[in-house]
Amino acid sequence: QVQLVESGGGLVQAGGSLRLSCAASGRTFSSYTMGWFRQAPGKEREFVASITFSDGSTRYADSVKGRFTISRDNAKITVYLEMNSLKPEDTAVYYCAADRFWTTVVGGRGNYWGQGTQVTVSS
């Protein structure tokens, strides 16, 4: 199995910034995409951003475009999510996802998931 561990969540004021990390361990793949999802209470889990490690291609949900930046460290097999201009509606548990294909990650069908890290944005 591949294990994904998120970190960096916390409480931040609206307009502030936070940086999440997701480190992968265990089995490695020749190529893969990692991404972030979030789930707020009473809402469905939604796609946030993804990055393909081979070429750095990124994809973002419209709700975070221009505010969040996803990046990766190939040597550490780690993905980051820099969140700026945070809004109360960004409050959610943020999950890391991974798979060999960006299509499955973006579609919420990634084979590997982390346990999540809480992000709370106060008004």
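All of these numbers come straight from a predicted model, not from anything done at the bench.
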query = Y94 and L81: side-chain contact (heavy atoms from CB on, under 4.5 Å), yes or no, with the steps?
reply = CA-CA 10 Å; Y94 283 70; L81 186 68; 4.2 Å; yes

message = Between K87 and D90 (salt bridge meaning N to carboxylate O under 4.0 Å), is one present in this structure?
response =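 Judged by the 4.0 Å cut-off on N to carboxylate O distance, K87 and D90 do not form a salt bridge.
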
key: Residues T120, V12; criterion side-chain contact (heavy atoms from CB on, under 4.5 Å); working and verdict   = CA-CA 6 Å; T120 302; V12 65; over 6 Å; no

query = Looking at W36 versus F47, is the centre-to-centre ring distance below 6.0 Å?
reply =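 Not close enough - the centres of the two rings lie 6.0 Å or further apart.
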
Between [atom1] on residue [X] and [atom2] on residue [Y], distance to nearest 0.5 Å:
X    : Y    : atom1 : atom2 : value
R19  : N84  : CZ    : CG    : 11.0 Å
L4   : M34  : CG    : CE    : 5.0 Å
S122 : L11  : OG    : CG    : 5.0 Å
Q3   : Q115 : CD    : CD    : 10.5 Å

Can you establish whether the number of heavy atoms outside [X] located under 6.0 Å from its atom [atom1] is more than 12?
X    : atom1 : answer
K43  : NZ    : no
E44  : CD    : no
R100 : CZ    : no

Using modelled atom types only, decide if a donor and an acceptor are shared between the side chain of [X] and the backbone of [Y] within a distance under 3.5 Å.
X   : Y    : result
E6  : C22  : no
S63 : A61  : no
Y32 : I77  : no
D99 : T104 : no
R59 : A49  : no
E46 : Q39  : no

task = Report the C-alpha separation of S17 and E82 in whole Å, then their side-chain angles, then the decisive distance to 0.1 Å, and conclude whether the side-chain contact (heavy atoms from CB on, under 4.5 Å) test is met.
result = CA-CA 7 Å; S17 299; E82 180 70 34; 4.2 Å; yes

task = Start with the C-alpha gap between V119 and L18, add the side-chain angles, then the distance that decides, and say whether side-chain contact (heavy atoms from CB on, under 4.5 Å) holds.
result = CA-CA 9 Å; V119 172; L18 213 55; 4.0 Å; yes

query = Are Q118 and T91 close enough that some pair of their side-chain heavy atoms sits under 4.5 Å apart?
reply =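 A side-chain contact under 4.5 Å exists here.
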
inquiry  = With heavy-atom distances below 4.5 Å as the criterion, would you say the side chains of V93 and T117 are in contact?
reply    = no

Would you say [Y] ends up clustered with [X] if hydrophobic residues are merged whenever their side chains have heavy atoms under 4.5 Å apart, either directly or through other cluster members?
X   : Y    : result
V79 : Y60  : yes
L20 : V106 : no
F68 : F37  : no

message = Quick check with a 6.0 Å cut-off and a 45 degree axis cone: is R72 positioned over the face of Y80's six-membered ring?
response = no

query = With distance as the sole criterion, is a donor-acceptor pair present between the side chains of S31 and S54 under 3.5 Å?
reply = no

